[in-house]
Amino acid sequence: MTNWRDLLERHHSRMQGDSGYDPKFGDPASLEQLRDIQDSIGLVFPDELAELYASVDGYGLEMGAGSLLSPWFLVPSSLLPDFVQNNRSVFSGTHPEFAKRYLPCIDWLNGNSMGFIYATDGELVSGLHEFSHEAYSYEPDQDPAEFFEAFDGTLSDFFD
């Protein structure tokens, strides 16, 4: 089992250590809460994501009260239904079936997101996938591979 808090603290130290912001960690999510959220978004969490949320429900930066930015990099599960819907809605008009299979959980704060994609048969596509809003052209015939970039590895690989 991954020690998520330690892994995320190391990630923070490498990526934000000199930013002046302390890391922010959400309290663990309950299994009941995670089941309810999965039901609301229509996808079952990959095991690793469920384990992460059961350990640390959200990860980001302690921001000042007046900050206009979201403090969350890993979106807390309670905010996930809206985050998923907002990200899917960008391309659901042109790629509705593909949008239903996207489960974003990382917010890059620039209009891009990263998460998981499920195949049409319901199986999880390996790796993490980043949606790039700059590469999306709002054309129904655009191949999703043009606006999604695949990254080999798991969430723990990504944060390590």
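We use all heavy atoms of the structure for the numbers below, so side chains are in, but hydrogens, waters and symmetry mates are not.
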| request: Identify the heavy atoms of His95 and Pro144 that sit nearest to each other, and give their distance. | output: CD2-CG, 3.9 Å
| field | Tyr53/Phe45 aromatic ring centres below 6.0 Å | value | yes
| query | Is the ring centre of Phe73 less than 6.0 Å from the ring centre of Trp108? | reply | yes
| field | Short side-chain to backbone donor-acceptor contact, Glu51 and Thr2, under 3.5 Å | value | yes
| field | Sub-4.5 Å side-chain heavy-atom contact between Phe151 and His129 | value | no
| field | Side chain to side chain, Ser40 and Pro81, heavy atoms closer than 4.5 Å | value | yes
| query | Out of curiosity, Leu52 CG to Leu8 CG, how far, rounded to the nearest 0.5 Å? | reply | 6.0 Å
| message | Do Leu43 and Arg101 have side chains that approach each other closer than 4.5 Å (heavy atoms only, starting at C-beta)? | response | no
| task | Check whether any side-chain heavy atom of Phe158 sits under 4.5 Å from a side-chain heavy atom of Met114, and report yes or no. | result | yes
| said: Please check this pair: side chain of Gln142 against backbone of Ala135, looking for a donor-acceptor N/O pair closer than 3.5 Å. | reply: yes
| So how far is it from Phe25 CZ to Trp4 CH2, rounded to the nearest 0.5 Å? | 12.5 Å
| Under 3.5 Å, side chain of Asp157 to main-chain N/O of Asp152, donor-acceptor pair present? | no
| said: Can you give me the closest heavy-atom contact between Asp6 and Asn3, atom names plus distance? | reply: OD2-ND2, 2.8 Å
| note | Taken to the nearest 0.5 Å, the spacing of Asp36 CG from Ser78 OG works out to 12.0 Å
| request: Report yes if some heavy atom in the side chain of Phe91 is under 4.5 Å from a heavy atom in the side chain of Tyr102; otherwise report no. | output: yes
| said: Would you say Glu134 and Ser132 are linked by a side-chain donor-acceptor pair, where the criterion is simply a distance under 3.5 Å? | reply: yes
| Hey, are the side chains of Phe83 and Pro104 touching, using non-hydrogen atoms and a 4.5 Å cut-off? | yes
| If you take all heavy atoms of Ala54 and Pro28, which pair is closest and at what distance? | O-CB, 3.1 Å
| message | When you group the ILVMFWY residues by side-chain heavy-atom contacts below 4.5 Å and let the links chain together, are Tyr118 and Phe131 in the same group? | response | no
| remark: Applying ring-ring contact (aromatic ring centres under 6.0 Å, His included) to Tyr138 and not counting sequence neighbours gives Tyr136
| said: So for atom CG, which belongs to Asn110, do other residues, nucleotides or ligands contribute more than 12 heavy atoms lying within a distance under 6.0 Å? | reply: yes
| request: Treating Ile, Leu, Val, Met, Phe, Trp and Tyr as nodes and any side-chain heavy-atom pair under 4.5 angstrom as an edge, say whether Val44 and Ile117 lie in one connected cluster. | output: no
| query | Is any side-chain heavy atom of Asp57 less than 4.5 Å from a side-chain heavy atom of Gln33? | reply | yes
| field | side chain to side chain contact (heavy atoms under 4.5 Å, CB included) between Trp72 and Ile106, worked out | value | CA-CA 8 Å; Trp72 299 109; Ile106 294 175; over 6 Å; no
| task | Classify the ring geometry between Phe98 and Phe148 as parallel (under 30°), tilted (30 to 60°) or perpendicular (over 60°). | result | perpendicular
| query | What do you reckon, is CG of Asp141 surrounded by more than 12 foreign heavy atoms closer than 6.0 Å? | reply | yes
| said: Quick check for you: to the nearest 0.5 Å, what is the distance between Leu103 atom CG and Leu49 atom CG? | reply: 6.0 Å
| query | Heavy atoms, side chains only, cut-off 4.5 Å: are Phe116 and Leu155 in contact? | reply | yes
| Rounded distance (nearest 0.5 Å) linking atom OG1 of Thr154 with atom CD of Glu48 | 4.0 Å
| said: Please check: side-chain N/O of Gln38 versus main-chain N/O of Leu34, any donor-acceptor pairing under 3.5 Å? | reply: yes
| query | Can you check side chain to side chain contact (heavy atoms under 4.5 Å, CB included) on Thr120 and Glu97, steps first, answer last? | reply | CA-CA 8 Å; Thr120 54; Glu97 293 306 312; over 6 Å; no
| Would Asp107 and Ser113 count as a side-chain hydrogen bond (donor to acceptor under 3.5 Å, both in side chains) if you check the C-alpha gap in whole Å, the side-chain angles of each, and the deciding distance to 0.1 Å? | CA-CA 5 Å; Asp107 185 355; Ser113 59; over 6 Å; no
| query | Is it true that Arg35 and Glu32 make a salt bridge, defined as a side-chain N closer than 4.0 Å to a carboxylate O? | reply | no
| query | CG/Leu74 to NZ/Lys24 distance, rounded to the nearest 0.5 angstrom? | reply | 12.5 Å
| field | Phe147 with Val84, same ILVMFWY side-chain cluster at under 4.5 Å | value | no
